[in-house]
Every structure is written in structure tokens, then in C-alpha cells.
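Reading through the C-alpha cells given below for one structure.
Computed from a predicted structure; not experimentally measured.
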Amino acid sequence: MKDQPEGKTQTERNLERIDGKYILRELTRVLNFDKGILYTIKELFLRPGNTVRIFLQHDRDRLVKPVIFVIFSSLVFVIAHQVLGFKTGTQTQDLGSPGITKAFEWAGEHFGIVNILMGFFIGFWAKLFFRKSEFNIYEIFILMFFTIGMGNLIFTFSGIVESITGFESYGTTFLIVLLYSTWAIGDFFNKRKVGSYLKSCFAYFFGTLTGSLVIVLVGVLLDVFGGKG
């Protein structure tokens, strides 16, 4: 009996030669640039609207699930903030009310939950502005979770830059997040119409404003009922 069969087996004939292209492709797979969290971030950064459309209508395997993505990005922000102590994305509201201050502190400590709720608020406003859209409210929520997740990562990156340079840029970062969200939402609904981006901007603005007003309302209730106690 021979130790090895003569000629090449079918498996051997199908093996690729190890060269530069092979190594690059394997490294890409290891880093998940073709699937998973890094792929999700890359696609949402380059073509957010089209990426979410593909997720909804064609392929739901390559992107991270939207709720997991927004929780992951919130966790990244919270960890980075606790380690580096930057102020970007965590501006306190000085409204002279202990209850409101406490409510905003709670929101900062439960960043992931608040972001999911914020996604619902923005989603409802988007549905109102794009009421003739083919997408239902649940599909719009998915768009919002992906968009908010990217916003969290932008705030995280800005916070890291702040911790390195000492330059506080909350206002600039908020504007960047607003512009990205406007682009992402408008690109999703109708990237060829200017009106789509205007409605997207209003939806994001009113959604975040609604969320902030809810936090303020909770703070007022804390003041009222806390004072009676």
C-alpha cells in the first residue's frame, strides 16, 4: 500500500494557492469586513440608506441586527466615556431643578435604553413626515436604530479626540451627527429629492426634542412628588 495516492485528490485540486490576494482575503474575513460589526459600520458610513434597504428587502445576514447594533454602540460610548472622562455627548442640563438634573443623570447612566427610546421618537416623526412612504413604522424603527448607532460611534470618536487634544467640541459633534442622520434618513426614503433631506432633518430634530422634553417632564414630576414626600 502506498502512503499517498498518485495524483491530486479533488480537495487538493480545489485548494487556492497561498499568495498576497489569499492572505489579504483571509485577513479581511478575520476582521469581519465582509460581515459583522465592522462591515456594518463601513456600509452605514459609506451608503446608509441603501444599506438599510438591502437589509430590509434582500439580505439580513451580513449586518448586525439593529437593536444589537444600537446597544453595542451605546456600550462602546459608555465604556469610552468612563475610561477617558470626556464631556462630548454628556452635556449636563442646568435648569435649576433637582428633579430634572436627576432625570438627565439617569438618562446618561442608561445610555442604551435612552437611545432605543429616542429611536422610537424619531421614528414616529419620520413616519409622520414620510407618511406616503412604502415602509411601515417597524421598518422605519430599524432605520432609526442603525442611524442612532452610528451617531453613538461618532460621539465616541469625537470624545476620544477630545480626551487627546483637550478640545471640547460638543456643538460641532452634534451638528455632524445631525447632518449624518439627515443624510442617512433622506437617502433611505428618496435620495434624489432635496425635500427628503429637509423632512429627515426635521424628523431627527423633533424626535430628539421630544425625547428631551419627556426627560424634562419626568424631572418635573420628580420635583412635584418628591417635594410632597
F120 vs F141 aromatic rings, parallel, tilted or perpendicular, using cut-offs 30° and 60°?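 Ring orientation, 0 to 90° scale: perpendicular.
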Atom [atom1] in [X], atom [atom2] in [Y]: separation rounded to 0.5 Å?
X: I54; Y: L63; atom1: CD1; atom2: CG; result: 8.5 Å
X: I37; Y: F69; atom1: CD1; atom2: CZ; result: 5.0 Å
X: T208; Y: F121; atom1: OG1; atom2: CZ; result: 11.0 Å

Show your working on side chain to side chain contact (heavy atoms under 4.5 Å, CB included) between V216 and F104 and close with a plain yes or no. CA-CA 8 Å; V216 171; F104 274 101; 3.9 Å; yes
Listed by chain and number, what are the ring-ring contact (aromatic ring centres under 6.0 Å, His included) partners of F72, not counting sequence neighbours?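 So F72 forms no ring-ring contact (aromatic ring centres under 6.0 Å, His included) with any residue.
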Where is the tightest heavy-atom contact between [X] and [Y], given as atom of each residue plus distance?
X: V70; Y: G149; value: CG2-N, 4.1 Å
X: G99; Y: L222; value: O-CD1, 3.7 Å
X: G36; Y: V64; value: C-CG2, 3.6 Å

A side-chain contact here means heavy atoms from C-beta on lying under 4.5 Å apart; do [X] and [Y] qualify?
X: F45; Y: T40; answer: no
X: I122; Y: F206; answer: no
X: V52; Y: L44; answer: yes
X: L175; Y: L179; answer: yes

When the ring centroid of F130 is compared with that of F135, is the distance short of 6.0 Å?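 No, the ring of F130 stays outside the 6.0 Å limit from the ring of F135, centre to centre.
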Got a donor-acceptor contact below 3.5 angstrom from the T51 side chain to the E43 backbone?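 Flag set: sc T51 to bb E43 pair under 3.5 Å.
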What pairs meet the side chain to side chain donor-acceptor pair (under 3.5 Å) rule with one or both residues in residues 174-202, with sequence neighbours excluded?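 Applying side chain to side chain donor-acceptor pair (under 3.5 Å) to every pair that reaches into residues 174-202, excluding sequence neighbours, yields nothing.
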By salt bridge (charged side-chain N to carboxylate O under 4.0 Å, His left out) - contacts of R60 (at least two apart):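 None.
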Is it the case that atom NZ in K127 sees more than 12 heavy atoms from other parts of the structure closer than 6.0 Å?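 Yes - once you tally the heavy atoms of other residues, nucleotides and ligands closer than 6.0 Å, there are more than 12.
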